[in-house]
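Here is how names work: the chains are called A, B, and so on, in the same order as the sequence lines, proteins then strands, and each is numbered from 1.
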Number of protein chains: 2
Amino acid sequence: MELAQEVGARLRGLRRHRGLSLSELARRSGVGKGTLSELETGRRNPTLETLYALTTALGAPLSTVVGPAPVQGAAVHAVLTDRVQDAAAVSEVYRVRIQSGAVQRSAAHAAGTTEHLLVFSGTARVGPACAPLKVGPGGHARWAADVPHLYEAVGGDVEGVLVVRYPVA
Amino acid sequence: MELAQEVGARLRGLRRHRGLSLSELARRSGVGKGTLSELETGRRNPTLETLYALTTALGAPLSTVVGPAPVQGAAVHAVLTDRVQDAAAVSEVYRVRIQSGAVQRSAAHAAGTTEHLLVFSGTARVGPACAPLKVGPGGHARWAADVPHLYEAVGGDVEGVLVVRYPVA
DNA sequence: CACCGTCGTTCTGTTTACAGAACGTTCTGC
DNA sequence: GCAGAACGTTCTGTAAACAGAACGACGGTG
């Protein structure tokens, strides 16, 4: 099953990233070593309890393994954390990291689309390609995204939240 | 087990909210009716596959049932969707709904704490108790949260995203 | 009142996720 | 080279999650 493989791969990624062996994680989480092996290779369909035990032992929220997959562009790495629909618009909330050393350009979105960026760290140059805005830590930018726009980190990488708000079709 | 009960209650809430009967959801999701009954009462520890089938049939993301629990105040209903820590600060991202007809007051947070509100729908009156700001749909407000502050919906309810950013201790 | 549909729960047999053991492999150090 | 340890995979028996059937409890209709 496809979902199990996706989740398994993420679990393996998390474990490796922490430098834990399979046996060590099994010991810490109380999940059997064999179980863990088959989970990571996507050959099992894990139980909620098992997933919870593993993510807790890994110090990660459950959403890390069951949440949406990150999208990676030229410079922007984004994870959809929320999506809200009201009468007028659909709003998507992304956790973003803009990597320095590259500029990511985006084509115009549907008419009426706006974007917001809240910057946590670093300084970003974002917005309409013709008139980008500069935003530092703790800052906020808002621009119309129905024209070509760009994302760029000035100096070091940028961490923040991007909200894309587009009218309902 | 506690987690299973929590998830079960959320599933039942989602189903009821959509006006679906247990049998109907079972039919649409392909999950057995008995299975569903025991899941909702927290007597079973669901499989990832089962949870996915159910949330898909309910038209909700998986995170709705496994994500963090919402916090409810006098007027503000908030769900923590993300939490980011960098060298300077911790940033928490909340999906919020401010209900009209009440004012929620918050005491001063740690020095240097700032808050941002992005409004999706409705009009909000938020910020320092001494000088609140008015924000409409698509708008943004930012204020220092190290003084007493408030949240209020003007007219109808407000939907949006709240970001709380406080310095690392 | 009896009939029938729908509701949610409980029962029944099958499938499978689980813990732990056994296994082959790859590094160490003596 | 051969112990010993650690790694990840595969095997084995048990517990439990699953689909579907059977069940009792309501609520409407003739």
Have a look at B/Glu38 and tell me which of B/Arg44, B/Lys33, B/Arg12 forms a salt bridge (charged side-chain N to carboxylate O under 4.0 Å, His left out) with it.
B/Arg44

Going 5' to 3' through nucleotides 17-28 of chain D and flagging B where a protein heavy-atom sits under 4.0 Å of the base, S where only the sugar-phosphate is that close, and - otherwise, we get SBBB--------

Measure the distance from [atom1] on [X] to [atom2] on [N] and round it to the nearest whole Å.
X       : N      : atom1 : atom2 : answer
A/Glu24 : D/dA6  : CD    : P     : 11 Å
B/Arg15 : C/dC7  : CZ    : P     : 10 Å
A/Glu40 : D/dC7  : CD    : P     : 13 Å
A/Leu3  : C/dA17 : CG    : C1'   : 16 Å

With a cut-off of 3.5 Å and sequence neighbours excluded, list every side-chain donor-acceptor pair involving residues 117-132 of chain B.
{"residue": "B/Arg125", "atom": "NH1", "partner": "B/Glu152", "partner atom": "OE1", "Å": "2.5"}

Phosphate contact (C/dG8 OP1 or OP2) by B/Ser37 side-chain N/O below 4.0 Å:
no

Does a side-chain N or O from B/Ser23 land closer than 4.0 Å to OP1 or OP2 of C/dC7, or not?
yes

Filter on side chain to side chain donor-acceptor pair (under 3.5 Å), then keep only pairs touching residues 131-140 of chain B, sequence neighbours left out; what's left?
A/His140-B/His140, B/His116-B/His140

For B/Arg105, I'd like to know if atom CZ has over 12 heavy atoms of other residues, nucleotides or ligands within 6.0 Å.
no

Measure up the A/Tyr151 and A/Trp143 rings against each other and bin them: parallel (under 30°), tilted (30 to 60°), perpendicular (over 60°).
perpendicular

Are A/Val79 and A/Val7 joined in one hydrophobic group, where the rule is that I, L, V, M, F, W and Y side chains link up if heavy atoms are under 4.5 Å apart?
no

